Every structure is written in structure tokens, then in C-alpha cells.
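Let me begin by presenting the structure, written as C-alpha cells, before commenting on it.
These numbers come from a predicted model, not from an experiment. Each chain gets a letter, A, B and so on, in the order the sequences are listed, and its residues count up from 1.
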Protein chains: 2
Amino acid sequence: MSTIEDVAKLAGLSRTTVSRVLNDHPYVSDEKKELVQKAMEQLGYVPNSAARSLRNQKTGIIAVLIPKISTPFFSQLIELLEMKASSKGYQLIICQTQFSKQKECRYLNLLKTKQVDGVIMTAVENDWSVIDSYLNYGPIVLCNEKIENANIPMVYVNQAQSGYLVAKHLIERGHTHIAYCSNGVKSEGMRARIKGFQSALQEVNIHSYEKFYFDKVSSVEDGKQVFRKLACMKVSPTAVFAGGDAVAAGIISEAQKAGWRIPEDLAVVGYDNMEITKLVDPMITTVIQPVDAMAEKSIDVMCEKIHRKQFRTFENHEFISKLAYRGSSTNRDHLVATS
Amino acid sequence: MSTIEDVAKLAGLSRTTVSRVLNDHPYVSDEKKELVQKAMEQLGYVPNSAARSLRNQKTGIIAVLIPKISTPFFSQLIELLEMKASSKGYQLIICQTQFSKQKECRYLNLLKTKQVDGVIMTAVENDWSVIDSYLNYGPIVLCNEKIENANIPMVYVNQAQSGYLVAKHLIERGHTHIAYCSNGVKSEGMRARIKGFQSALQEVNIHSYEKFYFDKVSSVEDGKQVFRKLACMKVSPTAVFAGGDAVAAGIISEAQKAGWRIPEDLAVVGYDNMEITKLVDPMITTVIQPVDAMAEKSIDVMCEKIHRKQFRTFENHEFISKLAYRGSSTNRDHLVATS
DNA sequence: ATGAAAGCGCTAACAC
DNA sequence: GTGTTAGCGCTTTCAT
């Protein structure tokens, strides 16, 4: 491995000049510049990034904390974050917290050891006061999450609006007995989602939602179970907001196996617009979040924070979602074409 | 940010002693050790990883090159690699090549700049001669891929066996007209898969496979299209090896829409045992690869390479897959229970 | 058992 | 325009 010194010697110049060429600084004559470039090429010289990091006090790496990589929504989010980061010259270290407070802290320590320039959190396990203390060491940006009173940039979807949107849609289609599925996560966003959902129901004087509330359902299997429970209620709902596409698919699959027609006997709405929604028949009506825009904003904000070295700034970057109207909640004759 | 110097001063000792404590070296009296630990705690000292990397010539980071993160198989692989790496104290940098030779090289450069200690490739875009040159800078391990004549560790599945297994299964169930779907990737593994598949057919004197070959199909949508083509052939196949679970799901979905019964009118076999296989009805017979074991082996081998500093060693770590017998290829009365 | 000092590879004052 | 030099924070001989 050749160093900047080797290049300097070969070119008959000083390390400084080589460094200047390396970093595109002004005040280097074209003549010497060429000399340096030739020497670099000849030696196959590449700057050592550890030395650069040490000297410059920055690494060009961002850590992304994520509960579980293989969850379709998260893998999509990572994919987009990676693309945006890459286009800005940053590398991404991926850290799975597995919903553990301890692991979350362990990874936040990357900030203390200066192994990364910043941390993007896509979920939060610890209390805010715990997270807050890490802000002394570098920037933290929340992506896909919001915390009341947190003095950092937060990029998130207005889930109250999402919940409202779904309820409104089902009400408009004549439903009055509407079930709600929660994935059991107790985040700010989840609370907002159910609030928005309920407020739409209350507007038209429906108060039955408590009877039709299912908690801690997130997988296909959970969805199947939801249907089984729902099917044997004395008064069963005619529509269900599954809270996730996998759950929606599970409900539909089990319902059809039991001879129910979708959406005539049961309308179903999912969340996240994953590929699975287009796979089942009928296709699943679902909430589309602007994941691409959120990923971009998160990276942009992070770069700006790193640059500004000002970490404790309250910033809300709110996005809103749309509904993709598909067959699982809409009769074919009413169906509006969607992508 | 406090440094090792600060700790030394506060403890009234030298940097050397602090460093010894930090690295669990012998020859430090318990008394001084305690002194140092107290000082570290008091200052909230954390060692700077850039300085350590520079001094030790290693980073504790491994790069994983992957074509596309959100592909279910790859996100599962990353998840497992991350867990194994994490348990060995390594961080993972995730790099999306997006099937581009150029990006692949750009990321292989992380090895040259010493930003990572090693690279795990889950696919290979460039010619081997190109990749080979990077071995001068650090270890490369192939995970989920095999290249003839590559002098590095390769962790892969014997796909000839997988293909054979699938064909054998379908033959045993009486099929003689069996279609084959390829995802269009021209890797060693894909060639082996089709070879194994064909050899099983040849054993029983079936030579019709060329008529029933579909190339470049990988998505649900592609699968739907395969069915449409297949349905209007003069002699249509009675079974199809979809080559991927998404394709299998697409075929089944479209077939059922057209009134075909699965598996009576068409038997379907997928690949990878993704969640989607359990979602459709009937559930999809599929090939299960030992992804967990492969991830573990890849990380183990990588750590060993990093340690040994001997990068050009030919190593085959071959794994074999199993078939999960499910409803898409097996009548209920013959169905063997599988997980 | 402990410390002094050199040096990993790079950049940026500062001098000329 | 170009070079000299100090130093980023750490580990490790080599003395003692």
C-alpha cells in the first residue's frame, strides 16, 4: 500500500501538494498537478480513509437503526436510504435493533466512538431522555417516526390523516361496523393513526370501534386468526382496516377459504402498498406512504446536520399518504383505476 | 470529547497504561486498573475508532455487496449476515450494485481505501479477472454464488441438486410435460440448476424441456404472463418450475383467475421459501435453501480470512437445499406435512 | 509493572 | 505556488 509520501517522492514534490491535488484545492499549477496525477496512477495510490477520518473528524458513514431488516417496509426504506446516501457520497452501516433497548444503545454508541457521522433511527425503543444524551456526540434524525418534544429533525407521515382517510373511505361505502387492527407498537404514529380513524367514525356517530379492535397483529398468520375471531362474533364487522398489507392478505385468504366474498361480505384495507397487495385477488386497497420522498428528506437533513454541527434542532418534516383504491374494498363497477 | 491522554492525566498515569487497560493487556496492577477505569467513567471516555483503525490497520467493518436490498431473498440474507457479523463484533456496510459493473467496482474500492476489512459479494457482475485484482487489498468472500476457477472462499448451494430435486418430484407425480422458468441471470449457479433439472428429465427420456423454457421471468407480473403464454400452447405443460416464489405466485394467481385448478390442471414449484408461499391457496411447494447456515459460514470464513491475511485461497463451502412439499404440486391426500 | 517516544497516513496553518 | 511542520488519537516497541 502506497502512501501520500510515496506519491510525493515519486513526483518530486511535497505531501502538501499531493494533498492539494487530492482535495481539488486551488493554487496548484497545472504542471505539478499532472505530475502528481501520473505518480498516483503509477503507484495505484488510494488515500487511506482511516487517516482521513482521524484528521478530518468525519467518516462519511451514516448508521441506520432498524428493528428488523427483512420486514418488507423496512427493506424498502433501507434500499431508498442507501440510494440517496450513495448519491451524496455516504456509506450506510445497517444496525438491527431487534426491538431491544440494549442493542439500540449499543448502536447509538457508534456516534460516541466516531465510527459514524450520524444516526438515522427508523424506530425508537428507549425513552427520549436516553436518546437525547447521545446528541452530545453527533446528529440523530428520526425517519418514519415522530416523538413529542424531541429536539431533533423528524421525518414522518401524518398518520392521523392516514387513519382518517381509511375510515372515511369505508364509511362512504356504507360501512358502519368497521374493525381496526393494531400491530401492537405503541409509538406516537400508531396513536395518531387510531385517533384519526376514530375521529372519522365519530363524525358520523359510530361508536362501535372498541368492540372491533384487534391488537398485536402484524403477520399473515395473525391476519388469518383475526378473520377467525371476527367471523364468529355475534355482530361481525363488514369492513376491516388491517393496519398492514400482510395482515390484510391473511384476512382475505382465510375469509375466502371460509366462503366469504371480498369485498361484498367483508371489505379489507391494508397499509404500505407492498407487492403482496397486487398478488391476491381481489387486489388490496392500501395506504401509500411517500417512502421515497421521506428517504430523500432524511438523508438531506442528515447531511445538513453533519455540516452545520448543530444537533439539537426541533424540525418537523411531515408527509401525507394517499389511498390506493383497489378491489378489496371497492366493487368492480366503482373501481377507480390506480397504479 | 475526551482522549486517552485526558484519562491518563486524570488517573495520574501514562497513556500506555490506559491503553493496556483498554485492551485487556496483562501486567497492569489491579490498583492502577481500577484507577484508570474510574477516570474513564468520570470522563465518559470512549476510544476513537478512526485512530484505532489507523493504528491497527483494521476497521471492524465488512462491506456486503448486493444487487437490490428489497428483494425478499436478499433482505433475508442481509438480516442474517448482520446478526452473525454483529455477534462477532463487526459492522456491516450495505452496498447496492443495482446489477451495475461500475457500481460493483466502486464498492470494491472500499477495500483499497481500507474503509472495510473485507467484502462479501452476493452476486458478481464483472469478469473474474477484474474482481481478482482487488484481492491484493483484502479478502473477498462469495456468498450465494460460485465462480469456476476463482481462488477465494465460496459459500453456495449446489443448485444442480436443487434442480434435480424439483424435476424428480414432478416426474414422480406423473408429469411429463414440465416447464422451466429462468430469471435470466447467467450465473454459474443458474446454469447448474437447469443442468440438474434436465438431467432428471433425461433419466426418464423426457426431452421436451426446450419447448417449455421461459427466460427472464422474476416478478409476480412476469409469472402472470408466463401463465398466459403457457395456457395457449398447442400442447401445454402440466407442471412448471417457476424458479422463484414470486413467479410461482403470479402463475397460480393468473391460472386460478382463468379457472384452472392447482395442482390438478397445473402443478407449480417455487424457489426460496419466501413468506408468499404460505399466503396463496394452495400453498406453494418450494425449494428451501439453508440461508442461515450460509450466512454464518460466510461470516466465519470472512473473519478467518481477515485474521490470516491470506486472501487467495480456493475454498468450496457447498450446501444443499430441501424441498417443502405443499399443495401447489401435491394433492391433499398425498400431502406430507411440512413446516 | 510502568512510561517515553515513535509513528500509522493525512491535512492545514504558517512560512516563504 | 510550494514546502515545513505539527498533530488528529491510538498502540507498541523499548527502556527502566
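- At whole-Å resolution of the value, CZ in A/Arg55 and C1' in D/dG9 are 12 Å apart.
- At the phosphate of D/dT16, neither OP1 nor OP2 sits under 4.0 Å from any side-chain N or O atom of B/Tyr27.
- In 5' to 3' order, the nucleotides of DNA chain C bounding all contacts with chain B (an atom under 4.0 Å from a heavy atom) are C/dA1 to C/dG9.
- Between the CE atom of B/Met40 and the C1' atom of D/dG9 there is a distance of 15 Å, given to the nearest Å.
- Axis angle across the helix from C/dA1-D/dT16 to C/dC16-D/dG1, with five pairs used at each end and values rounded to 10°: 40°.
- For A/Asp117 (side chain) and A/Ile62 (main-chain N/O), no donor-acceptor pair under 3.5 Å exists by modelled atom type.
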- Check step by step if salt bridge (charged side-chain N to carboxylate O under 4.0 Å, His left out) holds for B/Glu188 and B/Arg191. CA-CA 5 Å; B/Glu188 189 92 4; B/Arg191 275 192 294 275; 3.5 Å; yes
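- Residue A/Thr17 is classed as a sugar-phosphate contact, given heavy-atom separations below 4.0 Å to backbone atoms only.
- Minimum interatomic distance between B/Glu79 and A/Ile69 (heavy atoms only, all atoms of both residues): OE1-N, 3.6 Å.
- Comparing A/Arg15 and A/Glu31 by the nucleotide of DNA chain D whose heavy atom lies nearest to each, the residue mapping closer to the 5' end is A/Glu31.
- Mapped onto DNA chain C by nearest heavy atom, B/Pro26 and B/Leu54 fall at different nucleotides, with B/Pro26 at the one closer to the 5' end.
- The distance between atom NZ of A/Lys32 and atom P of D/dG1, rounded to the nearest whole Å, is 12 Å.
- The salt bridge (Lys or Arg N to Asp or Glu O under 4.0 Å) search around B/Glu318 returns none, not counting sequence neighbours.
- Using a 4.0 Å cut-off between charged nitrogen and carboxylate oxygen, A/Lys84 and A/Asp300 do not count as a salt-bridge pair.
- Rounded to a whole Å, the CG atom of B/Leu22 is 15 Å from the P atom of D/dG9.
- Residue A/Gln57 places at least one side-chain N or O under 4.0 Å from the OP1 or OP2 atom of D/dG9.
- When heavy atoms are screened at a 4.0 angstrom cut-off, A/Pro47 is found touching the sugar-phosphate backbone but no base atom.
- What separates CZ of B/Arg20 from P of D/dG9 is a distance of 22 Å, to the nearest Å.
- Across the protein-nucleic acid pair, B/Asn23 atom CG and D/dT13 atom P stand 13 Å apart, rounded to whole Å.
- Heavy atoms of other residues, nucleotides or ligands lying less than 6.0 angstrom from CD of A/Glu5 number more than 12.
- Of the residues A/Thr97, A/Asn109, A/Asn126, the one that meets the side chain to side chain donor-acceptor pair (under 3.5 Å) test with A/Glu104 is A/Asn126.
- B/Asn48 places its CG atom 18 Å from the P atom of D/dG7, with the value rounded to the nearest Å.
- Using a distance-only test at 3.5 Å, with no hydrogens or angles considered, no donor-acceptor pair links the side chain of B/Thr113 to the main chain of A/Asn48.
- A/Tyr137 places a side-chain heavy atom less than 4.5 Å from the side chain of B/Met1.
- A donor N or O paired with an acceptor N or O is found under 3.5 Å between the base of D/dT12 and the side-chain atoms of B/Thr16.
- Per the geometry, CG belonging to B/Asp6 stands 10 Å off C1' belonging to D/dG9, to the nearest Å.
- Remark: the backbone N or O of A/Lys103 is paired with a side-chain donor or acceptor of A/Ser100 at under 3.5 angstrom.
- Residue A/Ser14 places none of its side-chain N or O atoms closer than 4.0 Å to OP1 or OP2 of D/dT4.
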